[in-house]
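The next block holds one structure in the form of structure tokens; read it before the comments.
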Amino acid sequence: MTSRYPPVPHAAAATAGIDLAGRTALVTGAGGGIGRACASALAAAGAHVHVVDIDAATAKAVAERIGGRAHVVDLARAETVEELPAEIDILVNNAGLQHVAPLTEFPPDRFALMQRVMVHAPFLLIRRTMPYMRARGWGRIVNISSAHGRRASAFKAGYVTAKHALEGLSKVAAVEGAAHGVTSNCVSPGYVRTPLVERQIEAQAAAHGIDAGQVVSEVLLSRSAVKRLVEPEEVAAAVLWLCGPHTGYVTGASIPLDGGWTAT
């Protein structure tokens, strides 16, 4: 798709000089997309990264590439959180899933699953790792929310509910962690160029009989001023920035990376 917008700058330029040597990070859903980009960015800055994903092959591949440690975990099962390390300086709650259906037809079991993965698991992970952060006097909790944590769309009851709840959980962690050097923030992107979104583009192009570029600009980004997808590396750069030396006063915030969607 031809765009009048300037090319995306290399995300590393925005976070050059951030040194996380000696820090330990844990990223959920790190086998692909946003999670993989976050794990890679944190490792490149010197952190040791625990790569958590339900898919064994992708988790192990990412961990091997960045020199991290893979954990194959189904976050929908609360007991599996206890298998993950508690000695974590940086927690990135990224794992998630999507289901699209009218509210009156939304499967209750699917709705409950989405809350377990995107709300209950982050709660358990924050609860598990915050004591270590507080004892060290430094910690960074970054929750990957969404523009849907601030706005609603039809047919996405499970996802919108979970992201709104995650925003609230993040604020409570910010208030409780502030006195101990622990910050908690959300990064809230619009549509990100991930395999999941790319499949949505292909399906909608076929359904509407239009090309992929039109799907992006006219369907997915109809409410966004900037008519391009967010790149995973842009989200990762924001996550890394929140772990840097000049963001200790940034807490309880939700940083939109939505091309102006929530401004309208």
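The figures here come from the full heavy-atom set of this structure, side chains too, leaving out hydrogens, waters and symmetry mates. Here, residue 1 is the first one in the sequence, and each next residue gets the next number. Computed from a predicted model, the values in this text were never measured in an experiment.
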Using the ring of W261 (Phe, Tyr or Trp, six-membered ring only), decide whether R150 places NZ or CZ under 6.0 Å from its centre and within 45 degrees of its axis. no
Check whether more than 12 heavy atoms from other residues, nucleotides or ligands sit under 6.0 Å from atom [atom1] of [X], and answer yes or no.
{"X": "E218", "atom1": "CD", "value": "yes"}
{"X": "R127", "atom1": "CZ", "value": "no"}
{"X": "L103", "atom1": "CG", "value": "no"}

Write down the atom of L42, the atom of C243, and the distance for their closest heavy-atom approach. CD2-SG, 4.3 Å
Remaining members of the apolar cluster that contains L166, side-chain heavy atoms under 4.5 Å: L26, V52, V73, L75, V81, L84, I88, L91, F123, L124, L125, I126, M130, M133, I141, L169, V182
Could you tell me whether a side-chain N or O of T28 sits under 3.5 Å from a main-chain N or O of A95, the two making a donor and an acceptor? yes
So, [X] and [Y], do they make that salt bridge, N to O below 4.0 Å?
{"X": "E234", "Y": "R228", "result": "yes"}
{"X": "R136", "Y": "D89", "result": "yes"}
{"X": "E176", "Y": "R134", "result": "no"}

Under 3.5 Å, is there a donor on one side chain and an acceptor on the other for S184 and T251? no
Examine the side chains of S170 and N143 and answer whether a donor and an acceptor come within less than 3.5 Å of each other. yes
Residues two or more places apart in sequence or in another chain: which of them pass side-chain hydrogen bond (donor to acceptor under 3.5 Å, both in side chains) with [X]?
{"X": "K156", "value": "Y191"}
{"X": "R223", "value": "S153"}
{"X": "H120", "value": "none"}

Taking only residues two or more places apart in sequence, or in another chain, which ones meet H48 in a ring pair (Phe, Tyr, Trp, His ring centres under 6.0 Å)? H50
Is I201 close to L229 at the side-chain level, that is, under 4.5 Å between some pair of heavy atoms? yes
Could you list all the ring-ring contact (aromatic ring centres under 6.0 Å, His included) pairs where at least one residue sits in residues 75-104, not counting sequence neighbours? H99-F106
